[in-house]
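Let me begin by presenting the structure, written as structure tokens, before commenting on it.
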Amino acid sequence: MKRPSWDEYFLKITFDAAERATCVKRKVGAIIVKNNRILSTGYNGAPKGLEHCTEATCLRKKLNIPSGERHELCRGLHAEQNAIIQAAVYGVNIEGGTLYCTFQPCVICVKMMLNAGIKRLVYKGDYPDKLAEAMLKESKMEVERV
């Protein structure tokens, strides 16, 4: 029996988290791990207390905005943002942790991760955000696309 590596294990859980996403364009999951323990999870969707994203409420879809552009025109939060926010709400220290994500984070999420002290990023799929790529390369964060 082949046991999955820690990265394989946590990435699988990240994809499970993505199943909770309410975004109509892309389902994304994120988890933050330290010392091989899950500290926080997140998925993309509207803020708590607001209606879930739908075809009717998706301004990005209505305006035909390409992925990786004009993030401010989305009513939802990204999975990485939700994972960081959940850690803050519950007083969980994520500094020095690893963030696992189903896709490469956008520039807004990269900036949040850097300021939150995330030291390592493991992700699976691409996301078309050149500034995010450049900032990840410039940072001291360890980045691994699997």
Side-chain angles (χ1 to χ4, degrees), residues 4-34 37-139 141-146:
S5 70
W6 284 112
D7 284 347
E8 292 167 335
Y9 172 71
F10 291 127
L11 205 55
K12 181 182 182 306
I13 294 170
T14 301
F15 278 90
D16 290 341
E19 291 181 23
R20 294 268 315 150
T22 60
C23 178
V24 296
K25 291 186 78 173
R26 182 189 305 246
K27 300 210 177 290
V28 181
I31 64 171
I32 300 172
V33 173
K34 190 159 53 171
R37 298 292 174 254
I38 297 170
L39 302 178
S40 185
T41 67
Y43 50 86
N44 57 331
K48 64 182 174 182
L50 299 185
E51 270 189 63
H52 291 308
C53 300
T54 65
E55 295 287 333
T57 62
C58 184
L59 184 58
R60 295 179 60 80
K61 226 170 180 180
K62 285 181 187 175
L63 298 175
N64 201 26
I65 297 170
S67 288
E69 297 178 17
R70 306 291 314 269
H71 301 288
E72 76 279 6
L73 294 179
C74 178
R75 67 185 276 114
L77 289 131
H78 288 186
E80 304 92 325
Q81 294 167 344
N82 272 325
I84 292 168
I85 290 166
Q86 287 305 303
V89 165
Y90 291 103
V92 177
N93 180 1
I94 59 173
E95 188 172 15
T98 297
L99 190 141
Y100 290 85
C101 195
T102 53
F103 292 94
Q104 175 202 296
C106 75
V107 68
I108 295 169
C109 292
V110 168
K111 290 186 282 187
M112 289 179 69
M113 291 165 54
L114 289 169
N115 275 5
I118 298 296
K119 295 296 180 199
R120 183 169 180 249
L121 166 66
V122 179
Y123 70 94
K124 179 84 173 174
D126 289 328
Y127 186 72
D129 191 327
K130 296 297 182 193
L131 183 54
E133 287 179 37
M135 290 183 82
L136 285 169
K137 284 180 185 168
E138 182 183 343
S139 77
M141 189 184 303
E142 180 186 338
V143 178
E144 185 175 347
R145 183 178 188 269
V146 294

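Values reported hereafter were calculated over all heavy atoms of this structure, with side chains retained and with hydrogens, waters and symmetry mates removed.
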With a 4.0 Å cut-off, would you call E144 and R120 a salt bridge?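 Salt bridge between E144 and R120, a charged N being under 4.0 Å from a carboxylate O: yes.
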
In the structure I gave you, are the side-chain heavy atoms of [X] and [Y] within less than 4.5 Å of one another anywhere?
X: L63; Y: R70; answer: no
X: V107; Y: K111; answer: yes
X: I38; Y: F10; answer: yes
X: M113; Y: I84; answer: yes
X: N93; Y: K34; answer: yes
X: M112; Y: E80; answer: no

Give a yes or no answer on whether the side chain of [X] reaches the backbone of [Y] with a donor-acceptor pair at less than 3.5 Å.
X: K25; Y: S67; result: no
X: T102; Y: G29; result: yes
X: N44; Y: R26; result: yes
X: K62; Y: A56; result: yes

Parallel, tilted or perpendicular: which one describes the rings of Y127 and H78, with boundaries at 30° and 60°?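 Because their plane-to-plane angle is over 60°, the rings of Y127 and H78 count as perpendicular.
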
Mind checking whether Y9 and W6 have parallel, tilted or perpendicular rings, split at 30° and 60°?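 Y9 vs W6 ring planes: perpendicular.
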
Under the side chain to side chain contact (heavy atoms under 4.5 Å, CB included) criterion, do S40 and V92 qualify, and how do the steps go? CA-CA 8 Å; S40 185; V92 177; 5.8 Å; no

After noting the C-alpha distance and the side-chain angles of Q104 and R145, does the key distance pass the side chain to side chain contact (heavy atoms under 4.5 Å, CB included) rule? CA-CA 8 Å; Q104 175 202 296; R145 183 178 188 269; over 6 Å; no

Check [X] against [Y] and note the closest heavy-atom contact, atom names and distance.
X: V28; Y: C101; answer: CG1-SG, 3.8 Å
X: C53; Y: A46; answer: SG-N, 3.9 Å
X: L121; Y: P105; answer: CD2-CD, 3.6 Å
X: R75; Y: L50; answer: NH2-CB, 3.8 Å
X: I94; Y: A116; answer: CD1-CB, 3.9 Å

Just verifying a value: how many Å separate [X] [atom1] and [Y] [atom2], rounded to the nearest 0.5 Å?
X: E69; Y: C106; atom1: CD; atom2: SG; result: 12.5 Å
X: L73; Y: I65; atom1: CG; atom2: CD1; result: 4.5 Å
X: Y123; Y: T14; atom1: OH; atom2: OG1; result: 14.5 Å
X: L59; Y: E72; atom1: CG; atom2: CD; result: 9.5 Å
X: I31; Y: Y100; atom1: CD1; atom2: OH; result: 7.0 Å

Got more than 12 heavy atoms from elsewhere within 6.0 Å of [atom1], [X]?
X: F15; atom1: CZ; answer: yes
X: R20; atom1: CZ; answer: no
X: K124; atom1: NZ; answer: no

What residues, two or more places apart in sequence or in another chain, satisfy side chain to side chain donor-acceptor pair (under 3.5 Å) together with T54?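 Per chain and number, T54 pairs via side chain to side chain donor-acceptor pair (under 3.5 Å) with T57.
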
When M141 is tested against each of V110, L136, T98, L99 for side chain to side chain contact (heavy atoms under 4.5 Å, CB included), which residue passes?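 It is L136, the one option of V110, L136, T98, L99 that forms the side chain to side chain contact (heavy atoms under 4.5 Å, CB included) with M141.
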
